[in-house]
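Start at 1 with the first residue, then count along the sequence. As the structure lists them, so they are numbered: ligands from 1, and atoms in each ligand from 1. No hydrogens, no waters, no symmetry mates; every other heavy atom, side chains included, goes into these values.
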Amino acid sequence: MSTSVKAKDLITTQEWSREELDRTLELALELKEKRRKRIPHKLLEGRTLFMLFYNLSLRTRNSFEAGIFQLGGQGIFLSPTAVYRPALAGSEIPYETERVSDVARVLSRYGDAIAIRIYGKPVNWTYGMGDQIVREFAKYADIPVINMECDMFHPCQGLADVLTIKEKLGTLEGKKIVVSWAYSGGIKPLAVPQSCILNFTRFGGDVTLAHPKGLELDPTVVSWARKNAEESGGSFEINYDMNQAFEGADVVYPKSWAPLQFMPPKTCKMEEEKALELMNRHKDWITTAEKIDLCKRNVLYMHCLPADRGMEVTDEVIDGPNSVVMDEAENRLHVQKSIMVLLMRRD
Ligand code: CP
């Protein structure tokens with residue numbers, strides 16, 4: 001069976017065919033089984049993955065590093081602000097002293113893929129700039145570029161979540177899947193909920209997006225989700241009431257994000273106070289046992305982690321019998337190993 005896909009890069013799953021996504025999930029399950037049985041699977045022996053992190057990470061960094069090692073390759077961690085501009089560490093704009101075009105072409109001479117995480121403060125919270133920088137790397141790199149989360153998309157998380165639902169429920173088709181905003185005291189990107197609505201509609205789910213007014217996702221991404229639902233035979237709707245949205249759900253994925261209306265380019269700079277003022281009006285958007293009781297009995301509670309306990313969700317729910325958050329975190333490893341094999345092997 002083929003171990004490669006047509007696509008050169010993974011920036012958003014929206015740019016991969018359904019066949020490529022199915023192949024990714026199928027191979028992820030094969031690799032998961034091999035790891036479970038301790039069968040060696042060094043499909044990327046001698047290959048190198050460069051990982052550029054402009055933001056912190058627990059899951060993404062460690063699952064990519066462990067994954068490339070299990071595949072027989074090597075992962076190299078690069079923290080661009082700290083490595084290249086120690087005097088300015090923490091103050092933004094990638095590769096001020098080197099152009100992205102040069103960095104991408106140099107790394108292409110040394111290794112086999114470049115993975116990048118960039119959103120939020122490193123791009124002054126300018127929505128879309130992280131995505132543009134990942135695309136700039138992809139334009140100049142001769143080797144695959146993998147998006148480890150930009151400000152628009154988190155494709156590896158989205159695919160790990162689809163795999164988790166398929167494992168637990170068999171299919172997304174005919175399942176009511178609620179992707180909901182949740183309260184948090186901090187500013188968080190839109191990449192996860194946007195990847196969730198794109199992927200869950202792609203795989204035929206009946207997707208409800210729930211959020212208070214003023215916390216709309218990117219309208220272009222929402223239009224893609226509607227189109228995906230039409231093409232897959234699923235459905236897509238928006239609800240402004242968390243309780244109503246949860247009624248009869250098979251899956252709930254409540255997660256905080258910041259209001260786009262207070263982010264550049266809609267504003268000159270990130271208007272954090274206004275964003276928090278709006279979010280603070282909706283502290284009741286927390287997932288509690290009472291809200292879980294509105295769903296189907298065996299509803300799956302999902303979250304990409306890290307979760308803000310006591311704000312987004314109660315301990316009782318996230319540590320309770322409906323929670324699959326650790327399975328999601330584990331599936332990041334298997335899905336990313338699959339993505340790396342498909343992009344880096346090129347048989
Ligand atoms: N879910 C996720 O991407 O986690 P990290 O931020 O820890 O990588």
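Looking only at atom types and distance, the side chain of Y119 has no donor-acceptor partner in the side chain of D131 under 3.5 Å away. With hydrogens and angles left out, the side-chain atoms of E247 and N243 include no donor and acceptor closer than 3.5 Å. A donor atom on one side chain and an acceptor atom on the other are not found under 3.5 Å apart for R202 and T13.
Each of S57, L58, R59, T60, R117, H154, Q157, C304, L305, R332 has a non-hydrogen atom positioned under 4.0 Å from some atom of ligand 1.
When the side chains of ILVMFWY residues are joined at heavy-atom separations under 4.5 Å, either directly or via intervening members, V103 and Y110 end up in a single hydrophobic cluster.
Taking the six-membered ring where the residue is Trp, F153 and W224 present parallel rings, their angle staying beneath 30° rather than reaching 60°.
Each of L276, D308, V313 was scored for a side chain to side chain contact (heavy atoms under 4.5 Å, CB included) with S184, with one residue passing: D308.
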